[in-house]
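Everything below concerns the one structure shown next.
Protein chains get the first letters and strands the later ones, always in sequence-line order, with residue 1 at the start of each.
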2 protein chains.
Amino acid sequence: MKPQAPHCQSCQFKDSSLFKQCHIHELEELNESKCFNSYKKGQVIFHEGNRPLGIFCVYSGKVKVSRMGSDGKEQIIRLAKKGDTLGYRSLIDNTKYTASAIALDETEVCFIPAAEFNKLVDENVKVSTDLMKMLARALGDTQDKLIHLAMKPVRERLAEALLLLKSTYQEEGKTPFSISISREDLSSIVGTAKETVIRFLSEFKEDGIITTHGSEITILNPEKLVKISSMYD
Amino acid sequence: MKPQAPHCQSCQFKDSSLFKQCHIHELEELNESKCFNSYKKGQVIFHEGNRPLGIFCVYSGKVKVSRMGSDGKEQIIRLAKKGDTLGYRSLIDNTKYTASAIALDETEVCFIPAAEFNKLVDENVKVSTDLMKMLARALGDTQDKLIHLAMKPVRERLAEALLLLKSTYQEEGKTPFSISISREDLSSIVGTAKETVIRFLSEFKEDGIITTHGSEITILNPEKLVKISSMYD
DNA sequence: TTCAAAAACTGATAAAACTCATATTTTCCG
DNA sequence: CGGAAAATATGAGTTTTATCAGTTTTTGAA
C-alpha cells in the first residue's frame, strides 16, 4: 500500500533539494547508497545525543526538530517539510545530535550515509557551495528566532508561528490554510506554556482570524496575523 | 602611537584564524587586498541593513554583534574577540546585514573585500571546508542560545553570560577574570532588563561569587556560576 | 456506538520579570 | 579638582506569563 521510494534520478525533489546540482551519475550513486524509511506520527528519526551516521532527506510528511529540557519542556528549533534536508549540521560539525527529529505526520525519509555525503560534498563544489548557503540561511533563521523570542511577547510570537506553519506547509492553492497541530507542539514552537497558547488562540478566534475544530487550526485572515506579529518591528 | 597592522604572513592569527590553511602566496594576496582600521569604543564596524562588501577579521579588542528592536531594546547575538571573523554569514547568504557590529573597546579590524574572499573560498577547498565548519558551529551555538533563552530563568542565563564573557575574553593566566561591561550590554546578552541584571548581580555579590567596582565585574567563583547556570540541565 | 483516554479549554492564583521612580555612585570633561 | 552627566543601584507597583486544578470536548479503539 505504501508507495516505494522512487530512484533519486526521478525523485520529485531532484531539482530543488540540496542535490539539485548533482550530475546524473552522482544521483545514481546516491540512489545506490540511500536507504528509504517510513515513520509514523511521533516516531523518532534521530535522537538528541546520538552520533550522526549520515543525513536525512524528507520525501513526504512533516518533521519537528526539537530539544528537551530536563524538566520535560520541549523547544522546537525547526520545522521540516518534504524536500528538506535534516541532520547535516551535526554531521558537518562532527558532534552528537543536539536535537531530535520527530515525525509530526506519517513521514517518509531517505537516509544518506556519511561516507557518501562527504564524498559528494568533496567532489562537487556546487553541492558544497549550496550546503554552505543552506547553513548560512539556517543560521540567519535561527538568529531571527532568537531575537523574536527575546523581544516579542507571546501573542506576537504565536501569530508568527502560525504564519510559519502556513508558509512551510501550505500546499499550492489550498486556501484557506489548515493544519492539525497539538497545542503542546505549538507552544514548543512559540516557547511558552500550552495554556497560554490556548488563551491567545481563543482571542484570535473571537477576532475571526482563525477557526478550530479539535486540533485543526484554519487561518482565515493571515493579513491580521502579519499585523499582529510585526507590531513592534 | 597606534601599532600598524602586520602583514598577513606574520599576523599572530595566521595559524588560528579562518585563513590558517592558506598558502603563503594566498596570504600575500590577502595582505595586498586587506584594509586595516581602528575603531573606538562604541563605533560601528558594520550596520544592520547595509550590504556586506567583504568580511572582517578582528585583530585586537572586543566586538558585540547585535540587533536593535524598534523599541530601542538591543539583543546581543554574539561576542567576538581578536582572531575572530565577522560578517561572513550575510556575505555567504547574499543578504543585507541583519545585525550590527560595534566595538566594545578600542578595536582593530582588517577588512577583506568580497571579491578576494570569494576567490579564496573558491580556490582553496580547505578554507571553504573550515568556513563550513565555522558556520555549523555558529549555528549550533545560536541554537543553544535559543534553547536557553526559552527554557532558563534570568538568574541562570546571567550566570551563563558571565561564564561566556570569561571563556571568550579571559587572557592566559589572568586570574581572577575581570571585565568592564555595562549592565545595559550585559542585559542585552542575557535578554532581559538592566534592572533585573543588576538585582541578580547584587545577589551574586552577596554570595561572594563576584565583586564589582563600577562597571568592572570580577568573577571570584566561576564554579558556583557553573552550578547556577546548569541548575536545570 | 460507546466509552475511556487524551487533548482542548477555562478559571484562579502565583511567580517571574518589567517598568517607573528615585537615590547613590562613578566617570570623565573642563 | 569640581561638578555635571552617566551609570549603577534599590524599591514599589504592575504586567505578563506560568502553574495548578478542574471541566468539557475530541478522538480512537473495542
Side-chain angles (χ1 to χ4, degrees), chain A residues 40-42 69-75 104-106 148-162 178-207 210-218 228 231-232, chain B residues 40-42 69-75 104-106 148-162 178-207 210-218 228 231-232:
Chain A
K40 289 199 217 319
K41 183 174 171 172
S70 61
D71 52 354
K73 223 182 281 179
E74 184 187 31
Q75 176 68 32
L104 288 172
D105 271 350
E106 174 78 24
H148 295 163
L149 192 62
M151 311 227 269
K152 291 184 178 182
V154 171
R155 191 178 126 93
E156 298 178 30
R157 301 209 307 273
L158 176 59
E160 200 165 64
L162 291 171
S178 279
I179 189 169
S180 183
I181 184 169
S182 74
R183 304 303 178 256
E184 190 101 46
D185 275 342
L186 198 45
S187 74
S188 299
I189 297 172
V190 175
T192 190
K194 67 169 182 295
E195 294 93 335
T196 307
V197 160
I198 290 168
R199 277 179 243 279
F200 283 113
L201 285 179
S202 303
E203 198 185 292
F204 291 170
K205 275 188 268 186
E206 280 168 26
D207 296 346
I210 62 167
T211 55
T212 66
H213 302 91
S215 69
E216 179 113 346
I217 298 172
T218 304
I228 290 168
M231 229 147 197
Y232 296 104
Chain B
K40 287 199 221 321
K41 183 175 173 173
S70 59
D71 52 355
K73 221 183 281 181
E74 184 187 31
Q75 177 67 35
L104 287 173
D105 270 351
E106 174 80 21
H148 294 164
L149 192 62
M151 310 227 272
K152 291 184 178 182
V154 171
R155 192 179 126 93
E156 296 176 32
R157 301 209 307 273
L158 176 59
E160 202 167 61
L162 292 171
S178 280
I179 190 169
S180 184
I181 185 169
S182 75
R183 303 303 178 257
E184 190 100 50
D185 275 341
L186 198 45
S187 73
S188 299
I189 297 171
V190 175
T192 190
K194 66 171 181 294
E195 294 93 334
T196 308
V197 161
I198 290 169
R199 276 180 243 280
F200 283 113
L201 284 180
S202 301
E203 197 185 292
F204 290 170
K205 274 187 272 185
E206 280 168 26
D207 297 345
I210 61 168
T211 56
T212 66
H213 302 91
S215 69
E216 179 111 349
I217 298 172
T218 304
I228 290 168
M231 230 146 197
Y232 295 105

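- The main-chain N or O of A:E74 is found under 3.5 Å from a side-chain atom of A:S188 such that the two form a donor-acceptor pair.
- Looking at B:S215 and B:S180, their side chains do bring a donor and an acceptor atom within 3.5 Å of each other.
- Side-chain contact check for B:R183 versus B:I217: some heavy-atom pair is nearer than 4.5 Å.
- B:K41 is not listed as a side-chain neighbour of B:E106, based on a closest heavy-atom distance of 4.5 Å or more.
- At a threshold of 4.5 Å between non-hydrogen side-chain atoms, the residues B:V190 and B:F200 do not count as touching.
- Rounded to 10 degrees, the angle separating the terminal helix axes of the helix from C:dT1-D:dA30 to C:dG30-D:dC1, each built from five base pairs, is 50°.
- The separation between A:L158 atom CG and D:dT17 atom P is 11 Å, rounded to whole Å.
- In this structure, A:E216 places its CD atom 13 Å from C1' of D:dT26, rounding to the nearest Å.
- The interatomic distance linking A:L149 (CG) with D:dT16 (P) rounds to 17 Å, in whole Å.
- When each of A:T212, A:T211, A:T218 is checked for a side chain to side chain donor-acceptor pair (under 3.5 Å) with A:S178, only A:T218 meets the rule.
- No side-chain heavy atom of A:L162 sits under 4.5 Å from any side-chain heavy atom of A:I179.
- Side chains of A:L186 and A:L158 form a contact here, defined as non-hydrogen atoms less than 4.5 Å apart.
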At under 4.0 Å between heavy atoms, which parts of nucleotides 8-19 of chain C does protein reach? Answer with one letter per nucleotide, 5' to 3': B base, S sugar-phosphate only, - none. SBBBB----SSB

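- Atom-to-atom, CG of B:L186 to P of D:dA7 comes out at 15 Å; the value is rounded to the nearest Å.
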